[in-house]
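Letters go in sequence order (proteins before strands), and every chain restarts at 1.
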Amino acid sequence: MITVTAARKHYGSFLALDDVDIDIPSGSLTALLGPSGSGKSTLLRAIAGLEGLDGGTVTIDGRDVTAEPPQRRGIGFVFQHYAAFKHMTVRDNVAFGLTIRKRPKAEIAKKVDDLLEIVGLDGFQHRYPAQLSGGQRQRMALARALAVDPQVLLLDEPFGALDAKVRTDLRQWLRRLHDEVHVTTVLVTHDQEEALDVADRIAVLNHGRIEQVGDPVTLYERPANDFVMGFLGSVATLGGQLVRPHDIVLDRDRTTALALDAKVADSPGVITATVERVVPLGFEVRIDLRADSGERFAAQITRRDAAELGLHEGETIHARATSRSTVVDHDPALAI
Amino acid sequence: MRVGTGTRITLRVVALGYLFVLVAVPIGVILWRAFEPGLATFIASISTPAAISALNLSLLIIAIVVPLNVVFGVVTALALVRGRFRGRGLLQAVVDLPFAVSPIVVGVSLIMLWGVNGWFGAIDRAGFQVIFGLPGMVLATIFVTLPFVVREVEPVLHEIGTEQEQAASTLGADRWQTFWRITLPAIRWGLTYGVVLTVARALGEFGAVIMVSSGFPGVSQTLTLLVHARYIDDHNTYGAYAAATLLMGIALLVLLLMTLLDRKRSDR
């Protein structure tokens, strides 16, 4: 369990962390999600001790480590750009933490070989980092961090420097690894898809504050405010409220739309809009719309519904949010 | 830019001719004059007691200066790259000063400081001779070779950044272990290159050293001073050519080493 209490950090006049409190349960895989400059990396580095705090405390498994240097915090850290020791072989990289701890040679050799097998780098022992691909380097860095049996594993945008295909593969792999190893893991990312994909808890940060913490489903379906809603998935502004584009129902006939609407008293009203563009996206079709008020928004419907409606650009249509949709009142001050 | 064949050939001839007249001819003439009387004469000339003493003195100065420059250079480069302190800009400028100041000025100022009547003259009067002794020559050589290690190590430190060191600290290494196991191996090529440049410059330094050396043959002559003394004082032109050839031979060896290291460095 990692507990951060009232963490504050300034860089000059920039406030990177603004009284942040967070509990990270043991064995969880928590994602710190936010745009750049939201303080997510600073929070992670403060947990690691790579960044000092101006105020507040960090405890790891009940031990106050606020004043401890990184080497005495029992952590493993993985950097975005791998931070591979370029002058060492893969084996020496992974063995580094154990060599520093002066463990017996045989024990080190066995542990390194086991870890390299887990991360799928068996047979690469004598290569240098320059001879590995980005994905392989990051797996080596992960093995290196795990070698010292850390109480917590901290990952700072670990897949950010990799290309899209490798990134999705590696995050699936990380998820499986976590299910096997169960080490408390904190992952920093700006990619909501990545957070929803791997994490079992997500903390959304913005302007040095935590906006909401919860499991992915809660955050997606019951966002605390429109920043969280906007950051976890796409949104459309419909009559002053934010809704998910796939929660918008389109109908040619206003009365049908109204009839459906009548079942739920507080759902937003029906809006009349003009179809500007119909964009097929594979399984779904995106309809770009312009309301009579001039507001532009997009709805996302299935191919079948789109085929049934047979929409054309320029025609007028009625739109409203479905009765069970996620709706947040729009607050311009919180907008991204 | 497209250049016609005629222009291209003319440019090449001019460039090669320039190099030939200014570099190849003087070196060639000295080599020719040194080996003209035969190898035995050459060897006899560079193995006189004065010549051997001069070679030893030059190497001794290098042996003292290089370790000092390595320690100072690495510490200064670390401070310049990693440090966030007042006066960093000033330190940058000071490190470059030896490039700008003429060696003869260095010699004069050293005498002003360390000579019997200088600011630190008390040390000399207490019996520890700085000027006209080995310490003076070492000080002069340190001054002129000061920037090399700093300036070679600095860009490498910039390039490697701090992430590898941070990674080492999260893996349990303290500052000292991180320096020996991560930082030093990462900068070793830059450091080696800086050392080679220091050696080359220390070997060839003349202006600063002649000011602070008593210049006695067999006692306080470096190789450059030997060349000078043989030519000017002894009118032993052949001896000067031979000593110059020896100096050049060592410099060539250093240059060769430098090229090999450079190749190795770019391989990585």
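- For the pair A/R144 and A/F85, the cation-pi criterion (under 6.0 Å, within 45° of the ring axis) is fulfilled.
- Between A/K9 and A/D18 there is no salt bridge, since no side-chain nitrogen of the basic residue lies less than 4.0 Å from a carboxylate oxygen of the acidic one.
- Looking at A/F77, the atoms closer than 4.5 Å to chain B (heavy atoms on both sides) sit in the backbone and in the side chain alike.
- Checked against the 6.0 Å centroid criterion, the rings of B/F20 and B/Y18 do not qualify as a close aromatic pair.
- For B/Q166, the parts lying under 4.5 angstrom from a heavy atom of chain A are both the backbone and the side chain.
- Residue A/A84 touches chain B through its backbone alone, counting heavy-atom pairs closer than 4.5 Å.
- The choice from A/A83, A/G97, A/A48, A/G74 that makes the most heavy-atom pairs within less than 4.5 Å of chain B is A/A83.
- For chain B, the nearby part of A/L50 is the side chain; its heavy atoms alone come within less than 4.5 Å.
- Highest contact tally toward chain B, considering only A/T99, A/L98, A/I75, is held by A/I75 [criterion: heavy-atom pairs under 4.5 Å].
- Atoms OG and CD, from B/S169 and B/Q164 in turn, are 12.5 Å apart once rounded to the nearest 0.5 Å.
- Remark: the A/T66 side chain and the A/D64 side chain contain an N/O donor-acceptor pair separated by less than 3.5 Å.
- With hydrogens and angles ignored, the 3.5 Å screen pairs a side-chain donor or acceptor of A/Q131 with a backbone N or O of A/Y128.
- Neither the backbone nor the side chain of A/A147 comes within contact range of chain B, judged by heavy atoms closer than 4.5 Å.
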